[in-house]
**Q** 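Below you'll find the structure I mean.
All ligand and atom numbering here is 1-based and tracks the order in the structure. Note: hydrogens, waters and symmetry copies are ignored here, and every other heavy atom, side chains too, is used. Only a predicted model underlies this, so the values are computations on that prediction, with no experimental measurement involved. If you read the sequence from its start, that first residue is 1, and numbering goes on from there.
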Amino acid sequence: MNTVRLYNTLSRRVEELVPVTPGKIGLYCCGPTVYDYAHIGNLRKYVCDDLLRRTLEHAGYEVRHVMNVTDIDDKIIKAAPGGIEAIRRHTAPFREAFFEDTAALNILRPHVVCAATEHIDAMAALVAKLVESGHAYESEGSYYFRIAAYPEYGRLARLDTAGMMAGARVDVDEYEKGDVRDFALWKAARPGEPAWETPLGPGRPGWHIECSAMSMQYLGEEFDIHTGGVDNMFPHHENEIAQSCATGAGFVRVWLHHEHLLVEGRKMAKSLGNFFTLRDLLSRGHDPRGIRYLYLSHHNRSQLNFTFDGLAAAERTVHGLVQFMDRLEDALPSLEPGTTALAGRVAAARQGFFDALYDDLQTPQALARLHDMVRDVNASLADGSARAGDVEGAREALEDFDSILGVLAHERASLEEDVERLIAERQEARARRDFARSDAIRDELLARGIVLEDTPAGVRWRRV
Ligand code: AMP
Ligand code: ZN
């Protein structure tokens, strides 16, 4: 097990991760609100979560990754007025689209994906518990969290709650720090809005209660890491901490907040109209691996200013890495056995890459080690000094890096599938003596830089 250090928003410091259960990590990541397609700002957040999960797994932890899907909140009701069926019809395709997008970005699927509307009873039970402990009260069928009953309120976002008006309430899910009030846990049924029958009476949950109820349901009352974008810190996560006080347990050990993606200096947001979806970029011919790499080349706590030049540079880098991997494989058969001093430098680069990740996910430093290694190996291949053991070590290091980066194997897997399918189709064409079709397939592959060789052992392919 390697030691991992992470920046904890609670303490505003980088701290050594000390899990509740040795060797295991409970990780809860705030998920999408499925009222529309995710934009590439939202998707940055999920790549950052993926980076965190893969880094923890690489460090030797067994991670249980839980993510919610918000399929009921103010935004959704606005987009799909009506009852439960109306929001279900509206959200289902966006939920599916979200997982298509995350798959295209090679984001590992969480072990548990939990939808708010499937956990209404757990939320209602948590609200009832808060009423019982004196932290919540009812007013006209809605339930509110009584901030005055929780003196620690404001610890995460570092709020000054001294001058707050006791008893003033806020009903909307999203509001600013200046509006710190008793917030809605449960909203009484209103005409034209979905409502569920529960012991609290008919109504629907506020946004914040879902993440408290579901995280504790799947990870226990105290767990290791909870993530979100920086905008989730207040009020969402502040309120989650407050709501969890009903249990008396510690709730979350590390709060981790990813910075935003910006466009021309402003947060990319639907409300500002300055957004792109992944679909927009793919339809313009961009490469999802380049987008993933672009995200990873910035530290998760730095803002990332999105530009098309930046994306093009990231795409070139990924293509360069794919070619480098091919170059290593092509070189190997003709190299002398053994190793040189290069092998030691490759091992040091590999160590340096992971040391940087284990130390607060410092991807820019990790990538610098990777590119140093690429230059070093290329130079040794060019001057003829590299031996097979050196190159084998570099190949293994690159595969190891890619267990985090996820830009090489992903391409290989999808490319291989594609090429194998075309080869099989070409074999069928030849069997039925349709040489026009078999030649057309050969030409199509050639145009994509793939050469076929007919050998006694069957058809083989390589990249040119
Ligand atoms: P939503 O689907 O609106 O609930 O947002 C999903 C996630 O995306 C949240 O964790 C937000 O913090 C995050 N997010 C929203 N806008 C941006 C942005 N411009 N850059 C990075 N993350 C964002
Ligand atoms: Zn959440």
**Q** Any idea which protein heavy atom is nearest atom 16 (N) of ligand 1, and the distance to it?
**A**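 Protein heavy atom at minimum distance: K267 CE, 3.4 Å.
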**Q** Measuring centre to centre across the rings, with the benzene-like ring taken for any Trp, is Y137 within less than 6.0 Å of F145?
**A**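 Aromatic pair excluded; centres sit 6.0 Å or further apart.
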**Q** Could you check whether atom CZ of R155 has more than 12 heavy atoms from other residues, nucleotides or ligands sitting under 6.0 Å from it?
**A**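 Counting other residues, nucleotides and ligands, CZ of R155 stays at 12 neighbours or fewer.
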**Q** Ring centroids only, cut at 6.0 angstrom: are F99 and F94 within range, meaning strictly under it?
**A**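 When the ring centroids of F99 and F94 are compared, they turn out to be at least 6.0 Å apart.
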**Q** Compute the ring centroids of F354 and H58, then answer whether they are less than 6.0 Å apart.
**A**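 Centroid distance F354-H58: below 6.0 Å, so yes.
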**Q** Report the part of K45 (side chain from C-beta onward, or backbone N, CA, C, O) that has a heavy atom under 4.0 Å from ligand 1; answer both or neither where that applies.
**A**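 Contact part for K45 vs ligand 1: side chain (C-beta onward).
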**Q** Any idea which part of Y46 is under 4.0 Å from ligand 1, heavy-atom wise: side chain, backbone, both or neither?
**A**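 Only the side chain of Y46 comes within reach of ligand 1.
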**Q** Regarding E210 and T70, do their side chains bring together a donor and an acceptor under 3.5 Å, going by distance alone?
**A**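 There is such a pair between these side chains.
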**Q** Who's the nearest protein heavy-atom neighbour of atom 1 (P) of ligand 1, and how far?
**A**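 The protein heavy atom lying closest is T33 OG1, 3.6 Å.
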**Q** When you look at CD of E176, are more than 12 heavy atoms from neighbouring residues, nucleotides or ligands closer to it than 6.0 Å?
**A**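 Counting other residues, nucleotides and ligands, CD of E176 stays at 12 neighbours or fewer.
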**Q** For the residue pair F234 and A157, what are the closest heavy atoms and their distance?
**A**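 The answer is CB-CB, 3.9 Å.
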**Q** Considering only protein heavy atoms, which is closest to atom 23 (C) of ligand 1, and at what distance to one decimal place?
**A**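 The answer is H260 CD2, 3.4 Å.
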**Q** Could you tell me, atom by atom, which parts of ligand 1 come under 4.0 Å of a heavy atom of G229?
**A**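 Atoms satisfying the 4.0 Å criterion: 10 (O), 12 (O).
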**Q** Side chains of N232 and H237: do they bring a donor and an acceptor to under 3.5 Å?
**A**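 Not at all, the side chains of N232 and H237 share no donor-acceptor pair under 3.5 Å.
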**Q** Could you please spell out the steps behind the side chain to side chain contact (heavy atoms under 4.5 Å, CB included) verdict for Y293 and L367?
**A** CA-CA 10 Å; Y293 186 90; L367 291 171; 3.7 Å; yes
**Q** Is a salt bridge present between D400 and R395, judged by a nitrogen-to-oxygen distance below 4.0 Å?
**A**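 Here D400 does not pair with R395 in a salt bridge, since their nearest N and O are not under 4.0 Å apart.
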**Q** Starting from atom 22 (N) of ligand 1, find the nearest protein heavy-atom neighbour and note its residue, name and distance.
**A**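 Heavy-atom neighbour on the protein nearest atom 22 (N) of ligand 1: G41 O, 3.1 Å.
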**Q** Give the residue, atom name and distance (to 0.1 Å) of the protein heavy atom nearest atom 19 (N) of ligand 1.
**A**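 The closest one turns out to be M268 O, 2.9 Å.
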**Q** Identify, by atom number and element, the atoms of ligand 1 in contact range of P32, meaning under 4.0 Å from any of its heavy atoms.
**A**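 Under 4.0 Å from P32, ligand 1 has these atoms: 2 (O).
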**Q** Using side chain to side chain contact (heavy atoms under 4.5 Å, CB included), reason through C30 and H226 one step at a time and then give a plain yes or no.
**A** CA-CA 8 Å; C30 281; H226 192 317; 3.4 Å; yes
**Q** For ligand 1, which part of K75 has a heavy atom less than 4.0 Å away: the side chain, the backbone, both, or neither?
**A**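 The answer is the side chain.
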**Q** What protein heavy atom is closest to atom 20 (N) of ligand 1, reported as residue, atom name and distance in Å?
**A**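 Answer, as residue, atom name and distance: L261 N, 2.8 Å.
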**Q** May I ask you to check whether N232 has an N/O atom sitting below 3.5 Å from an N/O atom of ligand 1?
**A**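 Yes; at least one N/O pair falls below 3.5 Å.
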**Q** Closer than 4.0 angstrom: is that true for some heavy atom of K270 and an atom of ligand 1?
**A**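 Flag not set, K270 not near ligand 1.
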**Q** Near the Zn ion (ligand 2), is there an N/O/S atom from C30 that is less than 2.8 Å away?
**A**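 Of the N, O and S atoms in C30, at least one lies under 2.8 Å from the Zn ion (ligand 2), which means yes.
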**Q** Measure from the Zn ion (ligand 2) to each N, O or S atom of H236 and report whether any distance is below 2.8 Å.
**A**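 Yes.
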**Q** Measure the distances from the heavy atoms of A269 to every atom of ligand 1 and state whether one is below 4.0 angstrom.
**A**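 A269 does not count as a contact of ligand 1 under the 4.0 Å cut-off.
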**Q** Using heavy atoms and a threshold below 4.0 Å, how should the contact between N42 and ligand 1 be classified: side chain, backbone, both, or neither?
**A**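 Both parts.
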**Q** Is D231 in contact with ligand 1, taking contact as a heavy-atom separation below 4.0 Å?
**A**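 Yes, D231 has heavy atoms under 4.0 Å from ligand 1.
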